[in-house]
Amino acid sequence: MTTEYVSPEGLRLDGRRPHEMRHMHAVVGVVPSADGSALFHMGNTKVMAVVYGPHEVSNRTHQLHDRALVRCEYSMATFSTGERRRRGKTDRRSTELSLVIGQTMEAAIMTHLLPRTQIDIYVQVLQADGGTRAACINAASIALADAGIPMRDLVVSCAAGYLNSTPLLDLNYQEDSGGGPDLVVGYFPKLEKLSLLQMDSKVPIETFEKVLELATEGAKAVATFMREKLLENTKTLASARGHLKL
Amino acid sequence: MLSNKSFVRKTRHGKVVKVVREHYLRDDIACGALFCPTCDKSRAKLRDTALNIVVIDTNVALHQMDLLENEVMSDVVVLAVVLEEVKNKNLSIYNRLRTVIDNPLRHFFVFSNENHKDTYIKSLPTETPNDRNDRAIRVASQWYQHHLGAAKVLLLTNDNDNRRKAREDGIVAETVDSYVQTLGKPELLDLVARSDAMDVDVEDLRPNKKAVVYGEHKVMSEITAGLHNGRFHQGKLRVNRYNPFEAYVGSESVGEEILIHGRQDMNRAFDGDVVAVELLPQSSWVGSEVGKIADRDDEEEEEQVGLVPASADDAPREFKLEDGKKAAGRPTGRVVGIIKRNWRQYCGSIEPMKMPGGSGGTVQALFVSADRRIPKIRIQTRQIANLIDKRIMVSVDSWEPTSRYPNGHYVRTIGDIGDRATESDVLLIENDINSRPFSEAVLACLPPLPWSFSEEEHLKNHAHLKREDLRHIRIFSVDPPGCRDIDDALHCTPLPDGRFEVGVHIADVTNFVLPNLPLDVEASQRGTSVYMVERRIDMLPKPLTEDICSLRADVERLAFSCIWIMSSEAEIESVRFTKSVIKSCAALSYAEAQARMDDSRMMDGLTTDLRNMNRLAKIMRLRRIERGALTLASPEVKFEIDTETHDPLDVGMYQVREANMMVEEFMLAANMSVAGKILKEFPSCSLLRRHPEPTPQMFEPLLRTAAAVGVNLDISTSKALADSLDLAVGDDPYFNKLIRILATRCMTQAVYFCSGELSYPEYLHYGLAAPLYTHFTSPIRRYADVVVHRLLSAALGLSSLPEQLRDMPHLTSLSDNLNYRHRNAQMAGRASVELHTVIFFKKRPTDEEARIVKIRSNGFIVFIPKFGIEGPVYLVGKEAKGSSGSSNDGMWEVDDEHQIIRSTDGSRTFKVLNTVRIRIEVVEPQPNRQKLQLTLIM
Ligand SMILES: [Zn+2]
């Protein structure tokens, strides 16, 4: 018998309904020595992102004369999964994720405003429970905003899948291992444009459309949450500096 | 609200890790009462008019399913914690419970207590999981009381401790028994499963058997330890269909099957149970003597007369040890514990007994299952007079070591014993065949009737299907007489250059059966149509099978076509597949088609097509046989049935004509062509059919028989076997056929599988000597063909493949179900023929010629070609058997090597494959137990 990822009563294994996201939690500016940083939780998936820059390009040969150089490094804390195992930064998955997150961020940053500079983004997964890709992008996005780097739009990300013939928003690890398709979108909420779309399996087009729509709706909800968090943070900062006039 | 659940789990590598999972608690979970003022009522089911809202605990769900299925039980709350426990403990009960919940008339409501913020509880440090779940049930019951009012809510539990604690918490709690008594329907008490606490051991009907005591089952922890240190072995127990006192446990740790001999060592295990087995000391292993060992139990079982086995799956199992192993014997063991029960409901009847005086009192009766592998079951009933001459269904509740028989309870009555319809229903139930009418939801999926082909809709509006218009082609069908579900038609057009265009056109069922709609789901569960002697249980509703999809003559029908260009020597030069619309010009019977071909005066186009096709088919068949395909023989019996009484009027062998073989040949070719096409496009998720190569051991009985009559068979390859079968000619024309019949039963059946699960050489279809094979040609009556149509359509780019068909695990479980359904359909069909054979011979004792197929110590087994039945003929009285070995009693002696039995005075000799005359008649050794009996006419 196949696992019941959605009960006939309409509840998922962790008690959510199909269109519900996990609880999000974000802390802006967790690493004071960095130019920007953020902690982002999507349920039990916990990610930290740290941004340095814009600064001078460390290796001159890589300098770009018309725009900023964006570098991204993804890693997983050894304690991030149940099974503690040393994972290098160089394994294939990490390399691929570094690339994907880096490209997504680069597309959001107005790099032409910062020629001949370098921006370093470090994302580390502290705890993994499905949906790490999306959480990394969201964390990096907040950290970039925290660093005050000019962006076209806040880039947000959300995943969705399809199990038991039901589109499911924001899969956790258990659902992620269910063998269904797992689709991740990167989304510009103001521009209403997709910046990233990844899926690793073949599905009929009708299914694909439903899952994509759900992931996009999820991304919009992430955007609302992130904007609130950033606004809250600006207010705290402002009040700390005593400039806020309400 | 959020609560993290953490627990430890072992990984595949044996490491222990802590797993933390999120667990969301909600405030939007409804109570399900239609009269609740606060909750959302969109899915509510519990009625104000109900006397009680009943909350059941896990054990009630697990053990009282027959009661819960009775409509007297309604307005029941099933807690999520209960469902989860039931699901983990017994999947079949879980499925039954879900069926009741899904039925809107029953008002069962699932309350997701584990996700409700007020009813979720964390387990206490000292609490076992069971205690925690019992507490969760009480907490939820209490919540319901507060929510709906204390007077309304009732907790049903048979657990004394749980009931006491519930009452302490102020919850109204009752046992099942006392609750049912308040309903005022005493006959319902028959449905209540007896728990040990209620079991007042009433006198056994056979007091002398009271001494029988089974060994205690080991506790689970001991079993686990024993499995770990190699003392015990785990496996599924399979009881020998032909000798219920013998069972086998396939054990990976021993590497071969462990034999369990006798009820004592089977130790209360049922067929299908997963058991733990301990090997006996080697000195008590069963050696090569198996065939002669008398049953240790006193219930004498004997072989029955029945249909000839069609394959190894139908034939009795026999063990002959290889010479080297003879000294050691077979690994023999005894059951020490039961890991998982496989109890289901059984069909059967009450063992004839003396009726108690008076009525209405509770009596004990023994139930005898129609499935011979199942032991007798003791039941209590208050309605014995109603049950004694009925076929009934019974559930098993428990089997204590002090009890010779398991305890069970009555579930329902099927009908009168001996009534043809009832007996037929028994066969369907026993083979798990759903013969209920199709539901409204399924019928709603049918196109509006009457359906007819519309050019606009099918050629213009669905242009993407590229449906070809083949209505101008002379297409015809050839089927058994009276066939109404015609799923294949043919054409054969000569081309100017001497080649032929040959087409096989199959009903386009998937045009009407769309994936995942109720119609499709129902068909996939049924898996196949079932052909009983007097009725057909369809896989698809009649409007589809007999009208819309049936490729009848002179109407326009949708088809999926496979079209070849063939050389005049029947070489396939090219093949193409297309959806099409056809108009058959004739629906012929095999006899009609044959008559046309044979009548040299007929020169019309249709007849010419038939002759051309027949010529091509013969060449194809010959080529197939040269490649090593086996021409086996499995005699099929055909009844002529009285249309009014449904009683058989005549019986005889099904006549196979050239026309049959012609159609078969092109169907085989179409199936092979399609198999290649879909596998190329979907290498890992094609549904194929394979026929495993038989092992040398499986040929053992055939080789022994053949050697006894001086025939040498080469079984090294299917080609070698086919050739040596051709050479096996005896003194009479039937000899060769007989050898082929014996060869057929050495082989197992072909099976469906998902291509991704196996690798290429294993795809082989041994019997057809085909590297690839599938089923494409009968989508009206086989679901495998429906799947293959979808695969082919997707391979051609005409439609997208439904996502489940891309999923290997799904396809594997689908093919498992199809194999199971296919097997059951065959067994039911065979049993139906056997039932009608008995009905037929009841009024007509008949003398007939028979062939000896095997020599036994007390007689021989004969096969009666005319009726396709087989059974034992005893030369010595039954009472002599097993006592001292009848072969030594001075009258008959057996020469096993040459398969001869001769009387000691030398006056009579019987050798295997000899012809003898046999009387066939129906006897009734016990009331309501009619059976065929074969006796030698001296
Ligand atoms: Zn309520």
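Protein chains get the first letters and strands the later ones, always in sequence-line order, with residue 1 at the start of each.
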How about A:N172 and A:D14: does a side-chain donor come under 3.5 Å of a side-chain acceptor?
->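 On atom types as modelled, these side chains qualify, holding a pair under 3.5 Å.
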Hey, which of A:Q127, A:E20, A:E206, A:R12 has the most heavy atom pairs under 4.5 Å with chain B?
->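 Ranked by heavy-atom pairs under 4.5 Å with chain B, first place is A:E20.
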Considering only heavy atoms, which portion of A:P181 lies under 4.5 Å from any heavy atom of chain B: side chain, backbone, both, or neither?
->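 No part of it gets close to chain B.
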Selection from B:R43, B:Q804, B:R806, B:R98 maximising heavy-atom pairs under 4.5 Å formed with chain A =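 The answer is B:R98.
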How about A:Y74 and A:Y122: are their ring centres within less than 6.0 Å of each other?
->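 Between A:Y122 and A:Y74, which both carry aromatic rings, the centre distance is not below 6.0 Å.
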Please check if atom CD in A:E213 has more than 12 non-hydrogen atoms from other residues, nucleotides or ligands closer than 6.0 Å.
->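 Atom CD in A:E213 is not crowded, with 12 or fewer foreign heavy atoms closer than 6.0 Å.
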Mind checking whether B:Y24 and A:H23 have parallel, tilted or perpendicular rings, split at 30° and 60°?
->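 It falls in the parallel class, under 30°.
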Under 4.5 Å heavy-atom distance to chain A, tell me which part of B:D28 shows up: side chain, backbone, both or neither.
->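 Both the backbone and the side chain of B:D28 come within 4.5 Å of chain A.
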